[in-house]
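Just follow the structure's listing: the first ligand is 1, and inside any ligand the first atom is 1.
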Amino acid sequence: MVAHVGFETPVPDHDPDLYRGYGTPQAIGGWAQWGPELRAQYDADGYIVVRNAVPRELWSAALGELQAMARSEDADCATVAYEGSFRGILEQALGADLDESDKESRLAAMARIDPRVRAAHVRKFMGFTRTHPALRAVADYEPLRTAVEFLAGEPTRLFQSMALVKPPRGREKPWHQDHAYFDLPIETRVCGVWIALGEVTEENGAMFMLRGGHAGGPIIHFQRRDWQICDTDMAGAHPVSMPMQAGDLVIFDAKTPHGTPTNRTQQQRWALQFHYVGRSVERVATEYRLAIFGEEGKDVSC
Ligand SMILES: O=C(O)CCC(=O)C(=O)O
């Protein structure tokens, strides 16, 4: 498989007030503390944090696999996104403008770049569970799957896999609801799972979530620094921040507003993210999604 490659556009820095944490969430200490009473907590808060949820041998194998993909010339996955500045590095190696549809010249340019430079610019991998058993093993980890099925209320399937790297100074992922990105019926209970693969802090790009924010339903998204909730809609909100250690995770409802700030440290921040839906759920048209989440025709501005 030759991955599709994209480049993130640089964005202006965000207002620091958008990621001011008002406490950290109540968390369970591991799967031994999992129980049916947690459904009420999930339904009320829109998320559950589980510490020590993925054993070290699974998360360290996953991280090793991702770091090898980051160094490689052609990561074996569906899509790789690099920092925008990496396009210039590729063009310099190529000695010409980059034609994204010309995979051969892109691969030739990649081969001329130091693997450490490739790895330093990677932002995101998508679609890797068929080609990387060590990553699939995390998505299929039995206690996690059991918890997700319990919260979704039905047998589920994995429908999206991502690995998210925030390089030093790596950009914010602005506030959003994941459901705004999915062509799925609005009533679908989509479960997201975000897993720390190293230490995650407010400084290097921790997850921030708006407790109970899923209960208000879909929020209109605007194309600003990203496809996102308007900053002014978040003014005065009191989000929780979710610092984590490797192997901790948060299971969240895809309508829970969340975002991550700029990485202000010199270290990369690594995370995995999976989304699961009921096996019977079918895709709907993009127009249906945009009629709900898009601003078009709603006479609103941001
Ligand atoms: O890992 C991150 O920085 C944010 C990921 C996220 O929220 C997303 O991709 O939906």
Side-chain angles (χ1 to χ4, degrees), residues 6 8-9 11 13-14 18-19 21 25 46-47 49 54 59 62-63 66 70 77-83 121-128 135 138-139 158-184 190-211 213-214 218-219 221 223-229 234 237 239-265 267-277 289 293:
E8 305 257 348
T9 43
V11 291
D13 205 2
H14 57 79
L18 284 169
Y19 302 95
Y47 54 75
V49 173
V54 178
W59 69 252
L63 179 61
L66 289 168
C77 63
T79 307
V80 190
Y82 289 96
E83 288 280 296
H121 289 85
V122 80
R123 284 301 313 259
K124 179 154 70 175
F125 298 108
M126 290 181 76
F128 42 68
L135 298 170
V138 181
L158 176 70
F159 87 98
Q160 182 171 270
S161 60
M162 280 186 186
L164 300 146
V165 190
K166 236 191 237 286
R169 310 295 308 166
R171 53 182 259 179
E172 164 205 23
K173 174 69 185 173
W175 284 92
H176 65 286
Q177 294 172 305
D178 285 351
H179 210 122
Y181 289 78
F182 300 147
D183 292 334
L184 295 171
V190 184
C191 277
V193 178
W194 192 93
I195 305 167
L197 295 179
E199 192 185 16
V200 173
T201 62
E202 289 189 12
E203 290 69 38
N204 75 5
M207 185 59 84
F208 282 68
M209 288 198 179
L210 192 58
R211 183 176 177 199
H214 63 308
I219 301 172
H221 283 52
Q223 192 61 51
R224 290 296 183 265
R225 295 184 301 289
D226 202 337
W227 173 240
Q228 63 168 97
I229 297 171
M234 292 307 300
V240 293
S241 72
M242 299 185 171
M244 291 187 191
Q245 298 298 321
D248 294 352
L249 60 78
V250 55
I251 309 179
F252 60 100
D253 183 297
K255 293 190 193 75
T256 304
H258 61 283
T260 64
T262 303
N263 181 355
R264 302 200 187 279
T265 72
Q267 281 79 44
Q268 285 178 316
R269 187 229 64 189
W270 291 83
L272 270 172
Q273 181 169 261
F274 299 114
H275 285 92
Y276 306 84
V277 278
R289 169 168 64 91
F293 286 100

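To the nearest 0.5 Å, atom CG of residue N204 and atom OG1 of residue T265 are 5.0 Å apart.
Using modelled atom types, one side-chain atom of W175 and one backbone atom of L18 make a donor-acceptor pair closer than 3.5 Å.
Ring planes of H179 and F293: parallel class, angle under 30° (limits at 30 and 60°).
Closest non-hydrogen pair, Y47 versus T256, comes out as CD2-CG2, 4.2 Å.
In this structure, R289 places its CZ atom where more than 12 heavy-atom neighbours from other residues, nucleotides or ligands lie under 6.0 Å away.
Contact residues for ligand 1 (protein heavy atom closer than 4.0 angstrom to any ligand atom): M162, L164, K166, K173, H176, D178, W194, M207, H258, T260, R269, Q273.
Every side-chain contact (heavy atoms from CB on, under 4.5 Å) that R264 has, sequence neighbours left out, goes to D13, H14, R169, T262.
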